Amino acid sequence: MKKGDHLFLVDGSGYIFRAYHALPPLTRKSDGLPVGAVSGFCNMLWKLMQDARNTDVGITPTHFAVIFDYSSKTFRNELYAEYKANRSAPPEDLVPQFGLIREATRAFDLPCIEMEGFEADDLIATYARLACDAGGDTTIISSDKDLMQLVGPTVSMYDPMKDRQIGIPEVIEKWGVPPEKMIDLQALTGDSIDNVPGVPGIGPKTAAQLLEQFGDLDTLLARAGEIKQDKRRQTIIDNADAARISRELVKLKNDVAVADGLESLVLQPPNGPKLISFLKGMEFTSLTRRVAEASGTDASAVDAATVVVELGEAAHGPDVGAGETAQAAAEAKTGELTPAALADSVAQAAVNSKIDVNAYVCIRDIQTLADWIAEARGAEVVAFDTETNSLDPMQAELVGFSLATAPGRAAYVPLTHKEGAGDLLGGGVVEGQIPTRDALALLKLLLEDPNVLKVAHNLKFDMLVMSRHGIDVTPADDTMLMSYALDGGTNGGHGMDALSEKWLGHTPIAFKDVTGSGKSFVTFDHVALDRATCYAAEDADVTLRLWHVLKPRLPVKQVVSVYERLERPLVPVLMRMEERGISVDRQILSRLSGELAQGAARLEEEIFQLAGERFTIGSPKQLGDILFGRMGFAGGSKTKTGQWSTSAQVLEDLAAEGHELPRKIVDWRQLTKLKSTYTDALPGFINPETKRVHTSYALAATTTGRLSSSDPNLQNIPIRTAEGRKIRTAFIADPGHKLISADYSQIELRVLAHVAEIAQLRQAFADGRDIHAATASEMFNVPIEGMPSEIRRRAKAINFGIIYGISAFGLANQLSIPREEAGDYIKRYFERFPGIRDYIEETKAYARDKGYVETIFGRRVHYPEIRSPNPSVRAFNERAATNARLQGTAADIIRRAMIRMDDALAQAGVSTRMLLQVHDELIFEAPDAEVEATIPVVRHVMENAAMPAVSLSVPLQVDARAAHNWDEAH
DNA sequence: ACAGAAGCTTA
DNA sequence: GTAAGCTTCTGTT
C-alpha cells in the first residue's frame, strides 16, 4: 500500500445484525433456509461496491476487506469477566446465516478476515493503523460508535444505510467530543449492551461536558473534587475504578498480529460469474439480474452454486462459492472490458487522477484555441466555465473562459485582463490575449454544436452571459442541478467547492484567494494570468470530474427523470425570464418613499414624546430596555439570547391592552420596512442598459424544490396591507402592454386531497366550493350559508396547519388560543378526516425508514436528522417532511408548467413573455391585443401541468387577470 | 469587514 | 406548524 491508496474495511459482524434487523424476518430460500440477513448483506455489499466503483472520487477503494468477530470470548474477558455477559444468544434463524455470509464475502472475491481472541473492531483498528503507517487512507463501513475513536485525518467511517460519511466533524456533532476523546467518553457512559460499566448516571451529554471541562478522563478523575454538583461528584469518585476498567474495555487494540498483511487486501476486479453463481444458489433473483447487467455476464449461462450450510459461530470450510462453469466463464472473460466496466474505469480516472493546477494551459493565440475547440468537439463532452467581472450575469462583462476536455486536461482563455492593480490610471490591457470577437466566434461553434454536451456548474449564469453575446449553449448538463436532484435536503450546499470536497476530496482554489476580498478585492480582469489560469481551468476540470461522478449516480438513485424533466429544462426558461426582467416605475417608488419618510418621521416624534426620550427605535435592544425596563410594561417575554422580545406579536398584545406607544412602533416598523427594503432598494436594481429589474432565481437553494429569488427578491413584494400593496403599482407593463398574473388556487390543499385520497376534500374541490368553509362545515356541523367568519378563519388556520405539519403549539399560536383548545381542534379534525392522519403517519414512517420523502414526481427531499434522538429536532423534521411532499409537489407542478409555457405561447402565435414566478403565481407581459389570446393558453398549461405523468384526482384551478400594473393584475 | 440575532416581507 | 431573502443593529475580528 502506498500514499493515495484507499482501504475499505467493512464491519461484517455489524453488517450482519443490521441486515438481519432491517429486513423482514421470514425471508427463506425454497428449501426453508432462512436467508434474510444474507440477502441484506449481499445487497448492501453490492450497492457499496457499485457506488464506490462508479463514483466516489477520492474514496474509490484500492484495498478491501470484510472483518468478522470470531467468537464471543476475547482478551477483554480476561480484563473483565462480565464483558458482554448480558449479550443473549443470536436469534435462531440468524445462526445458520453466519457461515453463509462468509461465503457471500468470498463470492464477492473479497478477503474475509477474523481472528481468535479478537473482536472485529480490533482487527479494523489494526488495519486502519497499518494503512495509515503506509500513507494510505481508510474508510470503515460501519456506523458503530465503538469504532468512532478511530476516526482521524486518514480514517473516516461510512454508514451505508444512511449514505452518510462520518468524519471528525460528524463525530463531534453527534457526541460533542472529537474522536480521540471517544474512548474517555465511552469509559464514562459505559454500554449496557456490551456490559461496560461506566459511571452510573453519566450519559453522553454530561460526559462530553465533563471532558470539555477537564480535558481527559485521568484529569477528570484526579480533580473530581472540583465538580460542583454534589451527587455527580460523589458517583464519579465512587466509580473511578469502573471508569478506568471501562476505558480498557472500549479501547481498541490496533497492534493485533494479523496473519494477512495489507498486500493481501488489494481489491480484485469483479468476478461476475463467480458471484452470480453464488447469488443464483441463494435464489436472490433481482440481485442476480443487477449483477449480471452491471458485469455484462449472461446469468443464464452460469450454474447456481451448491451452498453448504455450516453451523457454528464461524465458517472455516473450503470455498464452495463457484462451480466449474463459473470458473471457466470467468477465465474466458479475462482481458475483455465490458461497457459497464469501461464506464467504471472512466469514472475512476475522473476521481483518481490528481488535480494539478500547474498543469493547465493558458491559451493566448487563436491557433491554439482552434486546436482546443477541435479537441473538445471530438471529445463529445466538455466542461465550460466563464470568468466575469461581476456576479450579476446581466451586468457581467466576459473576462475569459475555460474548457476541460478530460480530467486533468483544462485550459483558460483570457480575453480582457488588465495590467497592474487597477489603480486610477486603470492599467493597460494585457498583451497577448485573443480578441473577444475572434475567440467567441470559435467558441460558438463548440457551444452550439448539437453533438457536444457542454457541462457547467450553475449553468444558468454562464448561459446568460453567453446569451448576451449571441451564443446559445446547447445541449448542456449542470452538475449543480445533478447534486440537487441527488442530494436535495442533505446538509451542505451544492456549490462547486463543497461538491469538490465531497466527491473528489479536493479543495479547489478559493475565489477569495485569487481576487482578495473586502478592501483588497479586485475584479477578475485584474488577476494575473498565471493565477487566473490555475483558478479558472481548475473550475472547468473539477466540473468535468464532478460530471463523471454525478451523472452515473442519477439512475442509481432513481432521479434521472427529476433531473431531466424538472431541473435541466428549467435552466433556459429561467435564463430568459431573468434576461427579460420587469419594468419598475422609478417615479412611483420615489413618491412612495417620500410619503413613507414623512409618515415615519411623524411617528418617530410621537414615539419619542411617549417614551420621554430619543433613542434608536430600530434597535430591539434599546427598545426592549425602554418598554420593559424604564417604562415598566408588563407581559414581556425574552428571546433565546435573553433579550426582551419586541416582536410584532408582543407589541400587538400591548397595544390591545390600550397602550399607545407599542401601536406606533408597529406602524413605524411597517413604514421603515417598506421604505428601506422596497421603495429605496428597488430603484438600485434597475439595470442601466435595459431599464428593467432582473431578479436572479436560484434553482438549487431550497430543500423542497421551490425556486428562490434574490438581487432583488421579487417573491416577497408586499400585498397584505394597503400601504404595502402600493409597492406593487410600481411594477408595470411596457406601453401598449399588460401584465398578466395567473395563480393556482389552493394548490397545496389540492395536492393533499389527491395524495392523501380524502374523499370529502376531493368532492369539495370538484364542486368548486370554498374549501375553508367546507372544512369548517364538516368539522363543526355548521351550514356554509351564513357561517360566522370566525369559524371559517379557524378552519382556514387548521388547513394551513395541516400543510405545515400541524402541532397544537403552532395552531394555538396562530389563533391565539390555549394549546388545549388547539389540541381539541386537531383531534376533531382528524376524527372527521382520518385519512389525513393516516397520511401524515405514513409520511413520517416513510421518512424515518428511508431518510427522505418523495414528491409525486419522484423528487427526493432528504431529512438526515429525522431519526434524531432529540424529540424536538425529530418533530421538526417530521413536520418539514410532511410539508415537503406537498410544497415540493406543488413546486414540481409549476415547474412543469413553466417548462412548457414558452412553446405553448409560441404555438398560440402570441409574443407574450413570462417574467416572474412567485411559487404559485406566474407573471407575464403581453401586448394589449394579445391578452385575450394569452390567458386561455396560460390557464390551460398551468391547469394541466401534472399531466400526463400524473393524473390528479382533483382539478387544478388557475385565476388569471390582466392590468397595467401588478397590484391590479393580481 | 463580517457574522449572528432579531425582525419582517412573501407563498 | 412549512419554505425563503433582506435590512438593521450589534459585537467581534
Side-chain angles (χ1 to χ4, degrees), chain A residues 488-489 512 516-521 615-624 638-651 665-666 668-678 680-682 684-685 695-698 701-721 723-725 727-728 743-748 752 797-815 819 822-823 825-826 840 861 863 872 875-888 890-891 894 916-921 970:
Chain A
K512 271 200 343 226
S517 67
K519 230 179 108 180
S520 64
F521 175 80
F615 64 102
T616 307
I617 307 171
S619 162
K621 191 170 165 346
Q622 292 183 36
L623 179 61
K638 297 282 182 79
T639 67
K640 65 176 172 210
T641 53
Q643 292 287 324
W644 288 110
S645 169
T646 66
S647 65
Q649 184 63 59
V650 170
L651 299 181
I665 288 164
V666 169
W668 178 89
R669 277 188 182 165
Q670 196 208 354
L671 299 189
T672 53
K673 172 82 178 176
L674 292 174
K675 183 171 185 298
S676 67
T677 308
Y678 302 105
D680 290 354
L682 278 174
F685 286 100
T695 184
S696 175
Y697 287 105
T702 71
T703 47
T704 56
R706 274 190 176 182
L707 303 179
S708 77
S709 156
S710 65
D711 310 294
N713 180 355
L714 296 185
Q715 291 181 323
N716 71 346
I717 302 302
I719 191 166
R720 274 171 217 215
T721 66
E723 282 295 301
R725 281 186 87 109
I727 312 269
R728 292 193 169 219
D743 67 294
Y744 284 107
S745 162
Q746 308 291 0
I747 186 166
E748 290 175 1
L752 173 69
I798 293 170
N799 277 336
F800 274 92
I802 295 295
I803 292 170
Y804 295 156
I806 199 149
S807 78
F809 182 86
L811 184 64
N813 249 350
Q814 177 66 31
L815 289 174
R819 184 155 12 154
Y825 282 172
I826 294 170
I840 292 173
V861 183
Y863 288 92
S872 69
F876 175 80
N877 278 273
E878 288 171 352
R879 290 194 300 272
T882 311
N883 171 256
R885 277 182 85 183
L886 307 175
Q887 192 186 106
I894 197 166
L916 302 178
Q917 189 250 39
V918 192
H919 308 310
D920 63 0
E921 176 188 13
H970 186 82

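Fair warning: this is a prediction, and the values are worked out from it, not measured in the lab. Just so we're on the same page: letters track the sequence lines, and every chain starts at 1.
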Peer 1: Assign A:Gln670 to base, sugar-phosphate, or nothing according to its heavy-atom contacts below 4.0 angstrom with the strands shown.
Peer 2: sugar-phosphate
Peer 1: NA contact type, A:Arg879, heavy-atom cut-off 4.0 Å: base, sugar-phosphate, or nothing?
Peer 2: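 Sugar-phosphate only.
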Peer 1: Can a side chain N or O of A:Arg669 be found less than 4.0 Å away from OP1 or OP2 on B:dC8?
Peer 2: yes
Peer 1: Are any of A:Arg720's side-chain N or O atoms less than 4.0 Å away from OP1 or OP2 of B:dT10?
Peer 2: yes
Peer 1: Taking 4.0 angstrom as the limit, do A:Arg885 and A:Glu878 come out as a salt bridge?
Peer 2: no
Peer 1: Output the single nucleotide from C:dA3, B:dA11, C:dC6 whose closest atom is nearest the side chain of A:Thr704.
Peer 2: C:dA3
Peer 1: Would you mind reading off the distance between A:Trp668 atom CH2 and B:dC8 atom P, rounded to a whole angstrom?
Peer 2: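 My rounded result for the distance is 11 Å.
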Peer 1: Using a 3.5 Å distance criterion without hydrogens, assess whether the side chain of A:Thr695 forms a donor-acceptor pair with backbone atoms of A:Pro712.
Peer 2: yes
Peer 1: If you check the A:Pro718 side chain, which of B:dC8, C:dC6, B:dT9 turns out closest?
Peer 2: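 The listed nucleotide nearest to A:Pro718's side chain is B:dT9.
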Peer 1: Rounded to whole Å, please give me the gap between CD1 in A:Ile617 and P in B:dG7.
Peer 2: 15 Å
Peer 1: Does a side chain donor of either A:Ser807 or A:Arg819 reach within less than 3.5 Å of an acceptor in the other side chain?
Peer 2: no
Peer 1: Any base atoms under 4.0 Å from A:Asp743, or only sugar-phosphate, or nothing? Heavy atoms, all strands.
Peer 2: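 Counting heavy atoms under 4.0 Å across all strands, no contact is made by A:Asp743.
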Peer 1: For A:Leu707 and B:dA11, give me the distance from atom CG to atom C1', rounded to whole Å.
Peer 2: 12 Å
Peer 1: Look at all strands and tell whether A:Ile803 reaches a base, only sugar-phosphate, or nothing, counting heavy atoms closer than 4.0 Å.
Peer 2: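 The residue A:Ile803 makes no contact with any strand.
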Peer 1: What is the nucleic acid contact for A:Ala891, judged by heavy atoms within less than 4.0 Å: base, sugar-phosphate only, or nothing?
Peer 2: nothing
Peer 1: Between A:Tyr804 and A:Arg879, does the side-chain contact (heavy atoms from CB on, under 4.5 Å) criterion hold? Intermediate values first, please.
Peer 2: CA-CA 7 Å; A:Tyr804 295 156; A:Arg879 290 194 300 272; over 6 Å; no
Peer 1: Is any side-chain N or O of A:Thr702 closer than 4.0 Å to OP1 or OP2 of C:dG5?
Peer 2: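 Checking C:dG5 against A:Thr702, no side-chain N or O comes under 4.0 Å of OP1 or OP2.
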Peer 1: side-chain contact (heavy atoms from CB on, under 4.5 Å), that's the test. Do A:Ile894 and A:His919 meet it? Break it down for me.
Peer 2: CA-CA 8 Å; A:Ile894 197 166; A:His919 308 310; over 6 Å; no
Peer 1: Taking any heavy-atom pair under 4.0 Å as a contact, classify A:Ala884: base, sugar-phosphate, or nothing.
Peer 2: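 Touches nothing.
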Peer 1: Taking atom types as modelled, find out whether A:Thr721 and A:Gln670 have a side-chain donor-acceptor pair closer than 3.5 angstrom.
Peer 2: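 A:Gln670 and A:Thr721 do have a side-chain donor-acceptor pair below 3.5 Å.
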Peer 1: Do A:Gln887 side-chain and C:dT2 base share a donor-acceptor contact under 3.5 Å?
Peer 2: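 Check passes, donor-acceptor contact within cut-off.
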Peer 1: Check the distance between B:dC8's C1' and A:Leu671's CG and give it to me in whole angstrom.
Peer 2: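 So the CG-C1' distance, A:Leu671 to B:dC8, works out to 13 Å.
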Peer 1: From the list C:dG5, B:dG7, C:dA3, which nucleotide is the closest neighbour of the side chain of A:Asn883?
Peer 2: C:dA3
Peer 1: Just to confirm, is there a sub-4.0 Å distance from OP1 or OP2 of C:dG5 to any side-chain nitrogen or oxygen of A:Ser708?
Peer 2: yes
Peer 1: For A:Leu623 and A:Ile665, what are the C-alpha separation, side-chain angles and deciding distance, and is it a side-chain contact (heavy atoms from CB on, under 4.5 Å)?
Peer 2: CA-CA 9 Å; A:Leu623 179 61; A:Ile665 288 164; 3.3 Å; yes
Peer 1: Which part of the nucleic acid, if any, lies within contact of A:Ile717, taking any heavy atom under 4.0 Å across all strands shown: a base, the sugar-phosphate backbone alone, or nothing?
Peer 2: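 Sugar-phosphate contact only.
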Peer 1: When you measure from the side-chain N and O atoms of A:Thr641 to the phosphate of B:dA6, is any distance below 4.0 Å, counting only OP1 and OP2?
Peer 2: yes
Peer 1: At under 4.0 Å between heavy atoms, what does A:Thr882 touch on the DNA or RNA strands: base, sugar-phosphate, or nothing?
Peer 2: nothing
Peer 1: Would you indicate what A:Ser807 reaches in the nucleic acid, counting non-hydrogen atoms under 4.0 angstrom: base, sugar-phosphate, or nothing?
Peer 2: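 Base, at least one base heavy atom under 4.0 Å.
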Peer 1: Going by the rule side chain to side chain contact (heavy atoms under 4.5 Å, CB included), which residues pair with A:Pro718 if we only count those two or more places apart in sequence or in a different chain?
Peer 2: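 By the side chain to side chain contact (heavy atoms under 4.5 Å, CB included) rule, A:Pro718 matches A:Leu674, A:Tyr678, A:Ile727.
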Peer 1: Provide, to the nearest angstrom, the distance between the NZ atom belonging to A:Lys673 and the P atom belonging to B:dG7.
Peer 2: 12 Å
Peer 1: Under 4.0 angstrom, heavy atoms only, what part of the nucleic acid is A:Ala797 near: base, sugar-phosphate, or nothing?
Peer 2: base
Peer 1: Kindly say if A:Thr639 contacts the phosphate of B:dA6, meaning a side-chain N or O under 4.0 Å from OP1 or OP2.
Peer 2: yes
Peer 1: Side chains of A:Ser708 and A:Thr702: donor-acceptor distance under 3.5 Å anywhere?
Peer 2: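 The criterion, which ignores hydrogens and geometry beyond distance, is not satisfied for A:Thr702 and A:Ser708.
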Peer 1: Which part of the nucleic acid, if any, lies within contact of A:Asn716, taking any heavy atom under 4.0 Å across all strands shown: a base, the sugar-phosphate backbone alone, or nothing?
Peer 2: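 The residue A:Asn716 makes base contact.
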Peer 1: Whole-Å distance between B:dG7 C1' and A:Leu674 CG?
Peer 2: 14 Å
Peer 1: In chain order, what residues pass the salt bridge (charged side-chain N to carboxylate O under 4.0 Å, His left out) check against A:Lys675, with sequence neighbours excluded?
Peer 2: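 Partners of A:Lys675 by the salt bridge (charged side-chain N to carboxylate O under 4.0 Å, His left out) criterion, ordered by chain and then number, come out as A:Asp680.
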Peer 1: Which of these nucleotides, C:dT7, B:dA11, B:dG7, is closest to any side-chain atom of A:Thr646?
Peer 2: B:dG7
Peer 1: Indicate, with a heavy-atom threshold strictly under 4.0 Å, whether A:Leu886 touches base, sugar-phosphate, or nothing.
Peer 2: nothing
Peer 1: Let me have a per-nucleotide readout for nucleotides 8-13 of chain C, 5' to 3', with B, S or -, counting only protein heavy atoms under 4.0 Å.
Peer 2: SSSS--
Peer 1: For A:His919 and B:dT9, what is the distance between atoms NE2 and P respectively, to the nearest whole Å?
Peer 2: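 The distance from NE2 of A:His919 to P of B:dT9 comes to 16 Å, rounded to the nearest Å.
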Peer 1: Round to the nearest Å and state the distance from A:Leu682 atom CG to C:dT7 atom P.
Peer 2: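 Going from CG in A:Leu682 over to P in C:dT7 covers 9 Å.
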